[in-house]
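Note: hydrogens, waters and symmetry copies are ignored here, and every other heavy atom, side chains too, is used. Lettering follows sequence order; numbering is per chain, from 1. Here the structure is a predicted model, which is why all the values come from computation and not from measurement.
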Amino acid sequence: MEIAKAYNPKEAEESHYQRWEKLGFFSPEINENPNATPYSIVIPPPNVTGSLHMGHALQHTLMDVLIRRKRMQGFKTLWLPGTDHAGISVQRKVVEQLRKDENKSPLDIGREEFLRRCWKWKEDYGNTITEQMRREGASVDWTRQRFTMDESLSRAVREVFCTLYEEGWIYRGLRIVNWCPKDKTVLSDLEVKEESKKDGKLTYLKYPIKDSDRTITVATTRPETMLGDTAVAVNPKDERYQDLIGKMIALPLTNREIPIIADEYVESKFGTGAVKITPAHDPNDYQVGERHNLPQILVMNDDATMNANAGAEFEGLDRFKAREKVVEDFEKLGLLEKVEDYEISLPTCERCKTIVEPILSEQWFVKMDEMRDLALDLAKQNTPKFSPEVPHAKVYTNWLENLKDWTISRQLWWGHQIPAWYDEGGNVFVARTYEEAKDQAKTDKLIQDNDVLDTWFSSALWAFSTFGWNGEITETEDLNTFSPTDVLVTGRDIIFLWVSRMMMTTKKFVNKVAFKDVIVTGTVLGKDGKPMSKSRGNGVDPLDLFDKMGVDATRIYLASIATGADIRWNDTLIETYRNFANKIWNATRFCLMNSEGATVDHQSLMLDGNDSIADKWIVSRLNKTAIDVNKALDKYEFHTAVSLLYHFFWDDFCDWYIELVKDEITFTDESADADEDDLSVLKESAPQIEARTRIITILETALRMLHPFMPYLTEELWFKLPNVSNALHHESYKSAEATIMLTNFPNGDASAIDEKAESEMQSVIELISKVRNIRAEMQIKPSDRIAIHVACDRNFQRIFTENKAQILKLARADKLNLSNSLDVPKASAKAVITGGAEIAIPLEGLIDFEQERNRLQNQINKLDTELQRLNGQLGNANFVERAPAEKVQEIRDRVAEIETQIKALKLNLEALG
RNA sequence: GCCCACUUAGUUCAGCGGUAGAACGCUCGCUUCACACGCGAGAAGUCAGAAGUUCAAGUCUUCUAGUGGGCACCA
């Protein structure tokens, strides 16, 4: 079998995915067992404008690991892919394109044409991320791919909107909302990020009191809003202002008069104790305004320039220019008291970073009290179960408890247009269709609401709308089979935005939990410890990693860091896994170079008791690893699973097992004059074929366990193994074409764990390691053969005799002398191993006595430190009395062991003189 | 202001009540017939600080400091 010397990921990645997809391996229908248990995951729909970033790569890897393992275990698995329509993002891109290419605005071409362009844009560019997911090896069922603006999903949106409206859970109202002047749309609280600004200013303005020469001073961070002031409020108990309550103010720069009112909301201690009230531009002021029946004067346009209400002097000015002008004008009037530096946090638009303006606006809202309880009641029963539980479960519950109403209308065209119509009198009719609205209104002179719904409104239905529910159709086979989904994998940032809302709507509309478990991944941070972002330039592109390191290396690397905690990016760590991929490749290469006559045969791992220690040991290790990997994955401890697989494969299988059986399975040149390159003259013996079959089968089992993490490499190598076919498949996939994807994921067999063999093998390993240590420290050349003398009991003698050939080879020795006591020249290097075997290596002429003394003394010192600590424990009467007896015994045994070793080493030291 | 998490080898991180671990880096030695993306042997940590609980504490409790995050407030 010809196989390249180094693993080339590209070659393997190119062919397999297409085949898997074409043969339908990703669809649940591939499972032939009608009674198979379903297992499902819906993908957090990436933004249709998006391209793959590190967060996706991490989360997709974890979902794929979960799905691939369950599929191999015979579950009827579905991982459902799709994208959301990303209202603002797409709209912004199309607007920009229109402006650049045709110098037109959306209004120039009209709503219908604009939407046509949006769909075109989606057709042209919306596949970026789905193609990238194919590159990742994500085993999603593309036949069930969904988009939030698909016909059925859109119908679901209308159904949900209307139902919630009919039940009074959705309302339309005039409220202070977050307005993004750049996108010219309202935003929900969750789309607004507070950004602390150190160079803020607090401006103190003096307002003259009518018919008086007094003034009252108010402080503000947004002086321009004074143009919309309709009162000044003070605390009713504030003695400073008692005589002013009820007086009128001649509001400067306007020709309005506004009252001084008393309201509990004002804190006397803060600022001057007097607050300007701008009901149309501040949520608190709005409430004060409601209480006192104050007029609401909106002084800004939707692009945050001042409007006519602000006065001719200000109309058309940008809000920040207006701010400067207000301050200047007050100064000219002698009414500017002072300007202080003031640290303030400003609400900004999460997407475009524009400072959000709170303004009075009529919008649609979801009332959150009853809605919230749907999720909160479940949360109190620990549903969904968060992983890691701390801190997410608590943060989630706390957030639900303090939830405010959700602004769902957006002043965009791209999205689900709100199913509400207005007649000429402005009466509103909410209906599933225009026809129904007409029936309600008894007229056809209706205009549909211009606005669309928040993208998250449709995403909130993802856990059931994707399975076919749309209000008209309320039961589908997929919904029955795959809902509730088993687990959701997502980032911290959308727990509130998305996870919570899916829990609510799924409970409300299909009366199910959306998903049982939620895995919250950490964030992969840049080298600087900050979240990766384009503006910071600290991002790492997963596609670059795919090119440089290979998809499989990237995947298993990401799984290895998936502990739930944030992790700082480190360039060199991924190389570990590129090297690992190459190691797997080469171990397979080695096995294949010596595979003549061998087959993959799991019967070969059923040991009968007459097998070698090495075989019993590796089979034991293999099964233990399988059991532990499954346990780890059941607990979503991906990093533990990776670590177990890495060390089993590299340390146990490559470093020891392959080396131990190398001579047995490779051709020897004993057969007379045979040309070494001419393998044909050599004949395999039955035991050799047995040994080859066993190592190939162990390798095959390891590849299966690695497959969910490294799908391409394992598939590529699996096909190179002798006699692989769909006969090796899990029983649920017997008719499918051959692939490692559909083989059994090893469960591990507890009865195959052989602690005795493991401990015996440990002694062999320790013996070889000690000899190697002596060789290295005594600077014995690799080419120099040595003699090993071991004094030990009969049990050790049996073990070492059985492994004599391997010990000689791996310790580069030509003699192994086993006896009850040592009889060696003084010029020998010595060591002791656990269990009391003494090693001596005669080094006539090679030994440096001084160096050997140091070496022995160092070992004695190390042991002595431990001995003292342990003796300290035993000397503590409380410990001996109160600690569990087995613990005490453990320590005593250890002390005895160390004392034996120290004694032997000391004798050796004395013998050196 | 309230709440939460984190602080372990040079670096990035595991471990979370009973002998301090991994990877990378570092030192020394190897063209050993799968792999130099390799092989062998090493060095390297008062587990942020203080107090407490316990026979026993990176591991549990409290406090302190630093870092990061969430929520509220922001005239």
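Nucleic acid contact class of A:Asn284 (heavy atoms, under 4.0 Å, all strands): sugar-phosphate only. Note on A:Arg772: only backbone sugar-phosphate atoms sit closer than 4.0 angstrom, heavy atoms only; bases stay farther off.
A:Lys530 places its NZ atom 21 Å from the P atom of B:rC6, with the value rounded to the nearest Å. Whole-Å rounding puts the A:Lys394 NZ to B:rC2 P distance at 14 Å. Remark: C1' of B:rU19 and CG of A:Asn871 are 14 Å apart, rounded to the nearest angstrom. Rounded to whole Å, atom P of B:rA36 lies 7 Å from atom CG of A:Asn586. If you take CZ of A:Phe879 and P of B:rU54, they are 17 Å apart, rounded to a whole angstrom.
One cannot find a donor-acceptor pair under 3.5 Å joining the base of B:rC35 and the side-chain atoms of A:Lys5. Side-chain atoms of A:Thr576 stay outside donor-acceptor range of the base of B:rC24, with no qualifying N/O pair under 3.5 Å.
For B:rC2, the paired base is B:rG70 (Watson-Crick or G-U wobble, both distances below 3.5 Å). Checking B:rC39 for Watson-Crick or G-U wobble geometry (two distances, each under 3.5 Å) identifies B:rG29 as its partner. In this structure B:rA23 sits in a base pair with B:rU11, meeting the Watson-Crick or G-U test at under 3.5 Å.
Under the 3.5 Å distance criterion, with hydrogens and angles disregarded, a donor-acceptor pair is assigned to the side chains of A:Glu11 and A:Asn8. If you check the side chains of A:Asn861 and A:Gln857, you find a donor sitting under 3.5 Å from an acceptor. A donor and an acceptor atom, one from each side chain of A:Asn178 and A:Asp189, are located under 3.5 Å apart.
One finds the NZ atom of A:Lys631 at 11.0 Å from the CD atom of A:Glu637 (value rounded to the nearest 0.5 Å).
In this model, the phosphate group of B:rA14 is approached by a side-chain N or O of A:Thr563 to a distance below 4.0 Å at OP1 or OP2. Taking side-chain N and O atoms only, A:Trp569 has no distance below 4.0 Å to OP1 or OP2 of B:rC24. Contact check, A:Lys770 against B:rG42: no side-chain N or O comes under 4.0 Å of OP1 or OP2. OP1 and OP2 of B:rA23 both lie 4.0 Å or more from every side-chain N or O belonging to A:Asn579.
Side-chain contact check for A:Lys662 versus A:Gln806: every heavy-atom pair is 4.5 Å or farther apart.
Nearest to the side chain of A:Lys583, among B:rC35, B:rA41, B:rC74, sits B:rC35. Among the nucleotides B:rG42, B:rA72, B:rU12, the one closest to the side chain of A:Arg568 is B:rU12. Closest to the A:Ile344 side chain, of the nucleotides B:rC74, B:rA34, B:rU19, is B:rC74.
A gap of 43 Å separates the C1' atoms of B:rC63 and B:rU27, to the nearest Å.
With its glycosidic angle within 90° of 0, B:rG58 is assigned syn.
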